[in-house]
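This report concerns only the one structure given below.
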Amino acid sequence: MNVRGPIVSVGEARTVSTSYGERELRELRVRPERGAGDPVDVTLWGDWTETAEHAEPGMDLLVVDAEEDDYGGETGYATTGDSWVVLEPDFLVDVTGIRSWVQCPRMYYLNKLSGIPLNYPVVKGTVVHEVFGDLLRGMDLEESVRDRVEEAGLELGLLGYETAEVEDEVRRNAAAIEGWLAQGTLTDEDTWRSEFTLLSPRFGLKGRADALRRGTPVELKTGKNTNREPRFQDKIQAACYALMLDERGVDPDIGTLLYTKNTALDRNEASGDLAPAKEFTVGDGLLKFVVRERNALAAMEWRALNDPGERPTVPTGHEADANCNYCFEQDTCMVVSGRLDQESKAGQVGSPVPEEERGYFDRFYTAIEEERRETHAEYRKLWEQSPEERAADDRALIDLEPVSRTEIDDNRWELRARKPDDAVSKLREGDVALASDGDPVTGHAELGRIRELGDEVVVETDEPVDLRRLDVYPSEISVDRMLTALHDAVLKGDERRKDVIFGRREPTFGGPSDRPAEDSGSDDSDVPDAYIDNNAAQNDAVELAVDAEDCALIHGPPGTGKTYTIARTIRALVADGNRVLLAAFTNRAVDNALEALRDQGFGDVLRVGSETGVRADMQDVRLIERGDPNRKAAELRDASVVAATTAACGSRVMRECEFDVALVDEASQLTEPSTHAAINLADRFVLVGDHEQLPPVVRAENDLRTSLFQRLIETYPNASVMLDRQYRMSQRIQAFASAEFYDGALRPATPAVAGQRLSDLGVDPDALAPELTGGVGFVDPDGERDGNRNVREAERVAGIVDAYLAAGVDPDEIGVIAPFRAQVAEIGRRTDVTVDTVDRFQGSSKEVIVVSFVATGDLDGPIFEDHRRVNVALTRAKKQLTLVGDAAALASDPFYGRMLEWARR
Ligand SMILES: Nc1ncnc2c1ncn2[C@@H]1O[C@H](COP(=O)(O)OP(=O)(O)OP(=O)(O)O)[C@@H](O)[C@H]1O
């Protein structure tokens with residue numbers, strides 16, 4: 001049986017004599033049934049006592065296959081020869097993490113901090129892995145090598161490599177794979193799978209195996225190994241996959257490591273075993289060792305968040321008996337230790353960064369690790385929730401009916417499936433999701449990108465799957481990138497920028513005399529007096545950004561021309577000879593800014609992003625990574641404006657780029673570390689946002705919830721300009737938001753904006769009920785909230801939409817906003833116009849907006865606590881805003897009470 005629950009206390013190690021001789025044991029007191037049961041003693045025997053050394057009260061313990069032992073009348077449990085002991089099983093460790101942890105725990109930590117940098121071994125390794133996959137799928141070697149090297153063109157170019165030399169090296173590496181595949185040890189019955197995504201609820205592991213052959217793991221290493229045995233850390237990696245396969249009921253008794261560089265070695269010079277493929281027996285002892293190491297890692301991570309020490313626990317390297325002198329990471333290790341004043345086995349070099357920076361690093365390190373836990377909780381839902389629960393939670397599309405599986409270019413597969421009529425979810429086109437045959441954990445699952453989400457679901461994957469279910473895949477990439485950005489900001493950050501960020505110096509601005517005329521070379525009469533001549537605040541914003549010697553903050557309430565101002569600013573910066581990075585939280589904002597630039601006649605831009613992420617009309621300026629290395633690298637290096645999401649700014653390619661100015665839109669929606677990812681790349685930065693609208697989207701309640709934009713604008717109001725003229729809403733609509741959120745400073749930009757009304761759309765207002773006209777109206781449908789939906793209200797909202805349609809409003813010009821996805825679905829079933837949550841509406845607008853509040857009785861729930869969300873909902877409409885809700889519930893709160901009064905006026 002299995003015992004699982006929080007540890008109450010940890011006993012001392014003891015040695016007792018048994019019929020098997022002297023044996024070590026350690027008793028833990030645990031609350032079984034995940035804490036619901038009365039405490040029981042659990043005895044860990046033998047090697048598992050090592051795990052007990054890491055255990056602390058409060059940690060979660062799982063003992064698989066424990067036996068009951070009645071001792072002194074009290075029921076207890078003990079490990080047997082078949083048992084597994086797992087600490088903190090909910091903490092999901094990546095297999096590559098275990099591998100580096102086993103080499104040296106500090107190496108695991110350092111890898112986490114610095115991410116995967118762009119270097120030749122990494123790029124070559126990726127190419128060889130791709131070729132490996134191609135060969136398994138039956139592709140011709142030459143064709144695959146050429147194709148995959150071309151695909152890596154940009155990265156190779158940035159590293160200064162030429163196609164021919166890389167092809168040559170990859171070819172020699174691939175020969176090992178080909179030779180091995182042809183060896184005859186493989187027959188037609190060998191079932192092969194490449195890139196297999198594995199998740200382990202039991203052992204708290206996740207990862208992607210390079211390949212499985214007859215159910216046993218095969219790992220590819222692009223290095224050499226002339227010993228007969230695989231390297232220890234490589235075995236560990238294969239053993240992790242074996243463990244996860246074991247959990248699925250497969251019993252992999254061997255593991256294979258394929259050292260592709262072995263075939264590239266010169267036989268005369270090298271001695272030893274040059275065979276690339278090295279098999280090893282996956283014994284029970286090795287598997288248990290892997291679990292114990294994972295336990296040590298998970299315990300360290302637990303302590304990082306739960307130890308009340310002054311600083312988060314990080315590995316020092318003393319945990320391992322590795323020899324620092326032989327370590328490739330020694331220098332990095334010593335620098336990190338020195339700069340952050342951390343204890344480490346390798347020692348420290350350099351002087352520590354100032355105390356406030358170390359404090360900042362520690363605080364955000366903890367916050368990011370907390371966010372990682374929340375991400376793990378999302379993974380857990382993959383197995384803790386039933387398919388129906390997941391679907392109801394909008395996290396999965398289930399009951400899909402496979403239609404076809406077609407092999408497309410690049411050896412990828414296009415999977416099509418029919419979707420049940422009313423199925424809705426958080427998934428969006430362009431998202432990476434987990435496509436599975438029905439069970440993403442124990443069944444066959446592949447990561448793929450969603451191409452279409454209509455009546456048919458279309459997903460692209462590396463391997464074919466019977467597409468029966470599609471799940472949100474909670475990637476850790478944003479957490480990983482936040483950590484890397486934090487590391488880069490504090491340890492490698494420019495001192496000038498850090499002075500401002502850490503509050504040591506006010507940002508400075510050059511005077512107008514420092515500003516070169518925009519169109520130098522022409523005579524004075526051609527030089528514009530102003531960047532923007534019809535909007536003083538916008539003009540001030542451009543000047544501020546151009547004059548900034550450190551940073552400028554542009555505060556843009558709804559519809560105030562942020563995008564327009566951004567485009568004008570970029571043009572001015574480029575005219576002054578700057579190379580500019582344009583970044584934003586969403587792809588949509590990046591593309592909108594590019595569109596505004598185009599509208600203003602500026603087209604010299606390069607868009608970095610995936611094909612699915614970038615809007616169709618911007619594909620022509622998208623950077624294609626495939627191609628001739630030199631040309632590709634030059635494209636990126638020479639572009640005067642490079643545009644990408646802040647997430648992409650953390651990629652290994654973008655981390656190699658340098659800019660004069662980074663201009664970041666939607667900065668109020670970014671965490672501090674995510675903002676660093678963009679501004680780390682430039683000398684100066686301009687942040688554009690509105691901290692009165694949506695805050696950063698994070699799961700954990702911590703410092704990540706406040707954006708750098710907000711912190712800086714509060715610290716340095718003099719470095720900011722607020723755009724105060726809005727081009728969207730009628731006077732009547734904007735009044736409430738202006739008074740509540742912008743001290744009454746927000747005004748319509750022109751009389752035409754102020755005076756716009758429904759009748760401008762050719763609609764006869766008399767054909768509509770009075771509460772649906774007049775700019776702002778309120779309707780109480782007398783509904784009842786049931787969970788996160790209110791059916792009666794949904795019906796009423798759909799009725800209101802129909803009334804607007806009947807009166808002649810274009811369906812594209814009506815939007816419905818509801819606070820919960822359940823209500824969005826409820827309304828969506830009854831109408832064809834766009835219905836979505838506030839978060840999805842930020843940054844867009846419609847002529848007519850209907851808002852459904854859902855709540856009846858009291859206003860509980862986070863939606864109602866954060867007034868910034870309401871600000872967004874109330875500022876999307878241009879001509880008519882109709883609020884639908886329970887008047888009594890709304891009136892019970894002063895803020896909503898004022899809103900009601902305004903709407904009913
Ligand atoms: N100075 C200006 N003169 C004329 N039109 C302007 C000016 N500034 C902005 N506009 C127009 O106002 C509209 C809204 O501008 P924009 O899209 O830049 O707003 P935004 O602040 O980015 O909106 P959001 O709140 O959705 O982010 C656009 O149609 C834009 O062309």
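Whatever order the structure lists them in is the order used to number ligands and atoms, beginning at 1.
- At a heavy-atom distance under 4.0 Å, only side-chain atoms of Asn534, from C-beta outward, approach ligand 1.
- Between Phe741 and Phe895, the ring-plane angle classifies as perpendicular under the 30° and 60° cut-offs.
- Nearest approach of Val621 to Val605, heavy atoms of both residues: CB-O, 3.7 Å.
- Rounding to the nearest 0.5 Å gives a distance of 13.0 Å between OG of Ser640 and CZ of Arg571.
- When only modelled atom types and interatomic distance are considered, Ser730 and Gln756 share no side-chain donor-acceptor pair under 3.5 Å.
- Among all heavy-atom pairs drawn from Ile450 and Arg428, the shortest one is CD1-O, 3.7 Å.
- Protein heavy atom closest to atom 26 (O) of ligand 1, with residue, atom name and distance, is Arg728 NH2, 2.5 Å.
- With ligand atoms numbered from 1 in the order given, ligand 1 contributes 25 (O) to contacts under 4.0 Å with heavy atoms of Pro558.
- Judged purely by distance below 3.5 Å, without hydrogens or angles, the side chains of Asn871 and Tyr742 pair a donor atom with an acceptor atom.
- Between the side chain of Ser738 and the backbone N or O of Gln734 there is no donor-acceptor pair closer than 3.5 Å.
- Here the protein heavy atom with the shortest distance to atom 18 (O) of ligand 1 is Tyr564 N, 2.9 Å.
- Of the N and O atoms on the side chains of Asn535 and Arg568, not one donor lies less than 3.5 Å from an acceptor on the other residue.
- Heavy-atom distances between Gly556 and ligand 1 stay at or above 4.0 Å for every pair.
- Considering only non-hydrogen protein atoms, atom 15 (O) of ligand 1 sits nearest to Gly561 CA, 3.4 Å.
- When only non-hydrogen protein atoms are considered, atom 1 (N) of ligand 1 lies nearest to Gln538 OE1, 2.8 Å.
- With respect to atom 5 (N) of ligand 1, the closest heavy atom belonging to the protein is Tyr727 CE2, 3.6 Å.
- Among all protein heavy atoms, the one lying closest to atom 21 (O) of ligand 1 is Lys562 N, 2.7 Å.
- For Ser852 and Gln823, the side-chain atoms include at least one donor-acceptor pair closer than 3.5 Å.
- On a distance-only criterion, Arg876 and ligand 1 share no N/O pair closer than 3.5 Å.
- Listed by number with element, the atoms of ligand 1 under 4.0 angstrom from any heavy atom of Thr560 are 21 (O).
- Counting only heavy atoms, the protein never gets under 4.0 Å from atom 28 (C) of ligand 1.
- Near Gly559, meaning under 4.0 Å from one of its heavy atoms, ligand 1 places the atoms 21 (O), 23 (O), 24 (P), 25 (O).
- Two rings, from Tyr896 and His867, have their centers less than 6.0 Å apart.
- The shortest N or O to N or O distance between Asn535 and ligand 1 is not under 3.5 Å.
- Protein heavy atom at the shortest distance from atom 17 (O) of ligand 1 is Thr563 OG1, 3.9 Å.
- In this structure, Gln693 falls outside the shell of residues with a heavy atom less than 4.0 angstrom from ligand 1.
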